[in-house]
Amino acid sequence: MKLIGLVDCDNFYASCERVFRPDLRKVPIVVLSNNDGCVIARSKEAKNMGIKMGVPWFQVKQSYLAKGGKVFSSNFALYGDLSKRIMHILGNMVKNIEIYSIDEAFLDLQHIQKTHQAHEFAIHCRKTIHQWVGIPVRIGIAPTKTLAKIASHVAKRETKTGVVCLNKRDIILNTLKNIPVNEVWGIGRQLSSHLNKAKIISAYDLATVNMRFIRTRFSIVLERTVRELRGEQCLEIQGFSNPKKQIIVSRSFRNRIDNLEVLKPLISNFAVKAGEKLRHEGQKCSQVSVFFSTSPFNKKLKHRGIYNMNFSNPTNDTRDILTGVKTILKKNFKPGYPYAKAGVLLSRFSSESIAQISLFEETNTLKQNHALMKCIDSINQYQTQVYFTAQHHSNLSPMKLSMKSPRYTTNWYELPSVN
DNA sequence: TCTGGGGTCCTAGGACCC
DNA sequence: TCTGGGGTCCTAGGACCC
């Protein structure tokens with residue numbers, strides 16, 4: 001039987017904060033989103049205190065801190081670096097790995113024939129990561145990705161080994177009886193509410209439902225999920241990372257913005273950042289979009305819009321992108337609304353190596369422009385030193401990150417010190 | 001007073017064609 | 001009353017994920 005492993009880091013961001021702060025091992029930890037807006041990660045202790053995922057920080061701040069909880073602003077430089085280390089270790093342990101998110105990876109275990117060997121292998125992986133990086137992980141093993149997700153979910157209870165293997169039909173079905181349908185990978189709020197109405201309450205109900213019913217009432221996506229729950233592999237491990245199809249840079253603002261003069265430099269920052277990402281991907285885009293919206297919690301003054309512009313030739317030149325967003329804003333911005341969030345989206349990608357030049361464009365100019373962007377990217381690699389005139393001279397948008405931990409592993413000035 | 005950011009995939013419906 | 005039939009391509013928006 002082909003087996004798939006899912007490695008999932010325990011409370012990843014909270015665990016990252018602990019790596020260089022062993023004094024916080026038993027202390028509740030929460031990590032906040034940008035602007036210290038809401039809670040995006042919690043340690044086990046914080047979960048036990050009843051802190052919910054996504055809850056606005058201001059609502060729980062007082063009581064949480066009073067009970068001795070510790071709080072951090074998000075430190076993605078640290079999380080990203082520790083993630084990279086974990087994925088690197090795993091990548092060396094199996095032939096094929098799919099990095100699914102910053103804290104999850106699917107492992108191809110098809111070289112392992114026997115279940116008990118897979119189990120031992122997983123324990124070895126877990127131990128190595130803990131020893132070399134200091135992050136606790138759990139591992140679920142099963143014949144399909146969807147079942148491996150469930151196995152890793154069940155592994156939360158296996159505090160000793162952190163590994164759960166679901167391979168036999170009766171064990172799988174029994175396990176599914178205790179899993180609510182909304183906890184199945186791919187079943188969100190909308191779907192689970194519709195399924196519940198059709199008396200499909202547990203993952204077991206879903207696995208044993210009539211397939212034609214699913215196909216006619218729902219979608220092919222759900223059908224795949226059902227098949228996967230039955231042990232039929234529909235989703236493969238994607239060992240190579242597919243090129244991105246879109247790039248988004250967006251932020252919520254700390255203070256509401258209602259006029260173009262304030263918004264424009266911020267949007268320009270997003271555009272510059274998006275351009276950097278695009279070049280880093282080795283791609284060009286044919287479309288740039290700008291979106292801005294008022295707060296979804298403001299019921300009185302509502303406005304949201306997304307506006308596109310197409311380039312006649314694919315580009316990854318920041319100056320083109322900046323011209324694009326400027327044109328879009330000039331044409332579409334509606335003053336007078338208290339905007340809470342905005343962003344820039346790049347799409348319709350093509351490879352950088354394919355140069356489709358227009359009739360009136362010189363290849364030399366293209367080369368020079370390309371070299372200029374490369375040069376700016378290399379100067380700005382660690383710290384922005386070259387700005388475009390349209391930009392706001394700050395990071396991305398004036399953001400509150402008052403409780404950020406040091407970038408222990410990625411910045412010379414913030415290395416941990418031992419006294 | 002304060003409510004994240006960055007992705008993917010699928011589908012319905014419109015535009016357009018003969 | 002009743003307004004062809006059968007395609008393709010594109011896009012916006014919804015649902016989902018972490």
Side-chain angles (χ1 to χ4, degrees), chain A residues 6-13 30-42 51-62 72-76 79-80 83 98-106 145-146 149 152-153 181-195 215 217-225 234-235 238 241-256 270 273-274 277-278 281 286-287 289 291 293-299 304-310 338 340-349 396-397 399-402:
Chain A
L6 175 71
V7 183
D8 194 341
C9 300
D10 290 339
N11 319 319
F12 185 54
Y13 299 165
V30 298
V31 178
L32 305 179
S33 63
N34 280 326
N35 284 326
D36 296 339
C38 50
V39 174
I40 55 168
R42 310 151 294 156
I51 304 292
K52 296 269 181 277
M53 183 68 172
V55 72
W57 172 233
F58 73 90
Q59 285 179 8
V60 293
K61 180 176 175 179
Q62 212 173 13
F72 290 95
S73 304
S74 39
N75 180 355
F76 286 106
Y79 312 150
S83 168
E98 176 184 338
I99 298 169
Y100 178 64
S101 72
I102 195 165
D103 70 333
E104 279 178 55
F106 288 104
K145 280 176 149 182
T146 307
K149 289 283 272 188
S152 92
H153 194 80
V181 77
N182 63 306
E183 282 178 21
V184 174
W185 188 41
I187 313 282
R189 254 222 310 264
Q190 299 292 324
L191 268 177
S192 63
S193 132
H194 285 134
L195 287 168
R215 193 56 185 271
R217 282 278 299 277
F218 295 92
S219 67
I220 193 167
V221 188
L222 188 61
E223 181 180 336
R224 279 201 285 258
T225 301
C234 300
L235 307 167
Q238 295 240 298
S241 56
N242 280 329
K244 282 198 170 75
K245 294 177 177 172
Q246 59 178 44
I247 285 170
I248 300 175
V249 178
S250 74
R251 289 290 180 277
S252 294
F253 306 127
R254 184 145 176 72
N255 301 309
R256 302 292 171 257
F270 301 159
K273 190 83 193 164
K277 286 187 180 187
L278 184 62
E281 285 277 309
S286 294
Q287 187 175 63
S289 317
F291 57 89
S293 59
T294 53
S295 165
F297 304 97
N298 182 347
K299 304 288 180 209
R304 59 189 293 189
I306 175 160
Y307 308 96
N308 311 323
M309 199 196 93
N310 291 308
K341 180 180 177 169
V344 168
L345 187 158
L346 306 179
S347 56
R348 301 193 172 176
F349 292 170
L396 263 183
S397 72
M399 211 156 56
K400 190 182 157 196
L401 286 173
S402 51

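Scope of the values below: all heavy atoms of this structure, side chains included, with no hydrogens, waters or symmetry mates. Each chain gets a letter, A, B and so on, in the order its sequence line appears, and its residues count up from 1.
Contacts of A/Glu223 classified as salt bridge (Lys or Arg N to Asp or Glu O under 4.0 Å), with partners at least two apart in sequence or in another chain: A/Arg215, A/Arg227. In this structure A/Arg256 satisfies the salt bridge (Lys or Arg N to Asp or Glu O under 4.0 Å) test with no other residue, sequence neighbours excluded. Residues passing the ring pair (Phe, Tyr, Trp, His ring centres under 6.0 Å) test with A/Phe106, sequence neighbours excluded: A/Tyr100, A/Trp185. Under the rule for a ring pair (Phe, Tyr, Trp, His ring centres under 6.0 Å), the partners of A/Tyr79 that lie at least two apart in sequence or sit in another chain are A/Tyr13, A/Phe76.
The phosphate of B/dT3 has neither OP1 nor OP2 within less than 4.0 Å of any side-chain N or O from A/Ser295. For B/dT3, neither phosphate oxygen OP1 nor OP2 lies less than 4.0 angstrom from any side-chain nitrogen or oxygen of A/Arg251.
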Given Watson-Crick and G-U pairs under 3.5 Å, DNA chain C in dot-bracket ([ ] crossing, | other strand) is ....||||||||||||||
Heavy-atom contacts, protein to nucleotides 9-18 of chain C, under 4.0 Å, summarised as B (base), S (sugar-phosphate only) or - (none) per nt, yield -SSS--SSSS
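The residue A/Arg224 sits close only to the backbone: its heavy atoms come under 4.0 Å of sugar-phosphate atoms, none of a base.
A donor-acceptor pair under 3.5 Å links the side-chain atoms of A/Ser192 to the main chain of A/Gly188, judged by distance alone.
Set against B/dG7, B/dG4, B/dT3, the side chain of A/Asn34 has B/dG4 as its closest nucleotide. Closest to the side chain of A/Pro56, from the set B/dT8, B/dT3, B/dG5, is B/dT3.
The separation of B/dC17 from C/dG4, taken at their C1' atoms, amounts to 14 Å, rounded to a whole angstrom.
Looking at A/Asn310 and A/Ser286, their side chains never bring a donor and an acceptor atom within 3.5 Å of each other.
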